[in-house]
Amino acid sequence: MKLLCTILACSLLASCHAASVISKSDPEPLRRSPPSASPSTLPPVTELNIVNKVIAPDGFARSATLAGGIFPGPLIKAQKNDHFKIRVVNQLRDKTMPLSTSVHWHGIRQKKTNWADGVAFITQCPIPSNGSFLHRFSAPGQTGTYWYHSHFSTQYCDGLRGPIVIYDPEDPHKDLYDVDDENTVITLSDWYHDPSSKLNQIVGPVTNNSTLINGLGRYPNGPKSPLAVINVKQGLRYRFRVIGLSCDPSYNFTIDGHNMTIIEADGVETVPVTVDSLPVLPGQRYSVVVHADKPVANYWVRALSNLPNQTFAGGLNQAILRYNGAPDEDPTSTGGPYVMSFNEAKLAPLQSMPVPGVPEIGKADVSINLAAGNVNGFFTMNNVTYQNPPMPVLLQMLSGARHPSDLLPNGTVYELPSNKVIEITIPDTGAAPGGPHPMHLHGHNFAVVRVAGNKTANFVNPIWRDTVSMGSAGDNVTIRFVTDNPGPWFFHCHIDFHLLKGFAVVMAEARNEISQVAASIPPAWGELCSPNDPYTQAHAGAFNTSSPA
């Protein structure tokens, strides 16, 4: 209690007393959900232990930073309208990688619980080694496919990433598939043999050693390491939830001989669209229905990255779709021809989701143009490189100690008024290398009124999502949303090495309604910024919020 008042200087818009009362309504020890049937799954009320462990997902052994000691981390399974209470416990010991951590729940909008978003330096101080933090949040109206990952430096490249699924018993698409369980979640990720601390020193592109599908893969000239096997029964229809867990590359996802019908994008049910190839950028998720209607055999599942010199030779970038009764061996199937390619402009929500505001580019209440660039290896947005502030942006907003224009970091915080239509355009001028850049907004879904590869705006039935491709040079992707969720929300490129180099801004939303967030902040949130924490010690002077506003 004393620490909370010290760190926040008792000048938060919500009183320390209110926070104390709230904490009493959240009794300890944590009341856990019933145990999961599988060690690789967790319920929405649980502990998530962050540990170091040596693993060899592609045959090369290295120490990794893992949720639950596995890669990918355990699947967090929830039902519609479940309440989440997840205690993140930091048990990290390997000093070759970051020892502090934070965990972000990607795609969960965190309505009125901005403090639980899990973004170091934006919504909280990092969780120190031997520390823990209880994230309490709901996801009203949200179902579908999400994921979690570290939001501290490039730590998730060391392995801290895993899937979340919120199942809907009344899924409007449930008649289209027969099977949807933990075995139909498909994760696509890059893997690195060097720790992130070493990768961060690279100037220019960072090249991964292998592609992992469901946590398994092979690397060039490496051993014939086991590949992931996805088992199906002939005649059944499967809902595969494909999640882009990568730190850098995008993937073209295909299954030899099988088409895929898209029914969800980033947690939004879509009008069904059938494709034979699917681009999956870092942070994006899709549900696709695949009918196992081919002869009993093994078929290659392929995830070709957008990095140079990619190949399928020797099982690289692949997993196996195995029909029941097929022999235990690598497939001999061939891919293509691909004639039903993905077109984001054809994606539309299944239920009507009207675009807010006047249906014309530039006619929103607030229109922001964010031009990306690169100077000496550092990315910029509107000529400014994002840097971590000396104290979390949420703490700055709560303290009331600064004029809005002085919120840190200077030049990368955009103040947004409450209950207004916001339009953001992200032109690709070719000045920011390493695309396509997946742009992710925390705290919101947004309407993509102009998608990559399309010059025409769509205000009638555009897809809503939370991570969108900036496209390529000449594109001018445009999104819209309404400021109905107070707090600071990160908007950044989801290529983690680009974020490290400054490809981000902060949307400081509805400052006049920040008391809605403050009302639920537990004392433990302030204690993360304890004077004994290494991050706080490094910025000791910045945590005096007792100065006059």
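If you're wondering where the values come from, they're calculated on a predicted model, not measured in any experiment.
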Does a donor on one side chain sit under 3.5 Å from an acceptor on the other, for [X] and [Y]?
X: H149; Y: H494; answer: yes
X: Y192; Y: D190; answer: yes
X: N114; Y: T123; answer: no

Looking at every heavy atom in both [X] and [Y], which two are closest together, and how far apart are they?
X: N209; Y: P220; result: O-CD, 3.5 Å
X: P226; Y: L216; result: O-CB, 3.6 Å
X: I463; Y: V268; result: CD1-CG1, 4.3 Å

Can you list the residues that meet the side chain to side chain contact (heavy atoms under 4.5 Å, CB included) rule with Q387, with sequence neighbours excluded?
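Side chain to side chain contact (heavy atoms under 4.5 Å, CB included) list for Q387, sorted by chain: empty.
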
State whether the side chain of D266 and the backbone N or O of D466 hold a donor-acceptor pair below 3.5 Å, judged by distance alone.
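Yes, D266 side chain to D466 backbone: donor-acceptor pair under 3.5 Å.
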
Donor-acceptor pair, Y323 side chain versus D293 backbone, under 3.5 Å?
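It does hold such a pair.
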
Think [X] forms a cation-pi with [Y], using NZ or CZ under 6.0 Å from the six-ring centre and within 45 degrees of its axis?
X: K501; Y: F378; value: yes
X: R62; Y: W191; value: yes
X: R302; Y: F312; value: yes

Pairs meeting criterion salt bridge (charged side-chain N to carboxylate O under 4.0 Å, His left out) with involvement of residues 195-204, two or more places apart:
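For residues 195-204, and leaving out neighbouring residues, the salt bridge (charged side-chain N to carboxylate O under 4.0 Å, His left out) pairs sorted by first residue read D194-K198.
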
Pairs flagged by salt bridge (charged side-chain N to carboxylate O under 4.0 Å, His left out) wherever residues 211-223 is involved - sequence neighbours left out:
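Every salt bridge (charged side-chain N to carboxylate O under 4.0 Å, His left out) pair that includes a residue of residues 211-223, provided the two are not neighbours, is R218-D330.
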
Proximity of [X] and [Y] rings by center, below 6.0 Å:
X: H291; Y: Y238; value: no
X: Y386; Y: F490; value: yes
X: F342; Y: Y286; value: yes
X: H492; Y: H498; value: no

Is there a ring pair (Phe, Tyr, Trp, His ring centres under 6.0 Å) between H106 and Y146 once you walk through the steps?
CA-CA 6 Å; H106 183 116; Y146 305 90; 8.6 Å; no

Hey, which of V242, N214, I213 is the one that makes side chain to side chain contact (heavy atoms under 4.5 Å, CB included) with T187?
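So the option named by the test is N214.
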
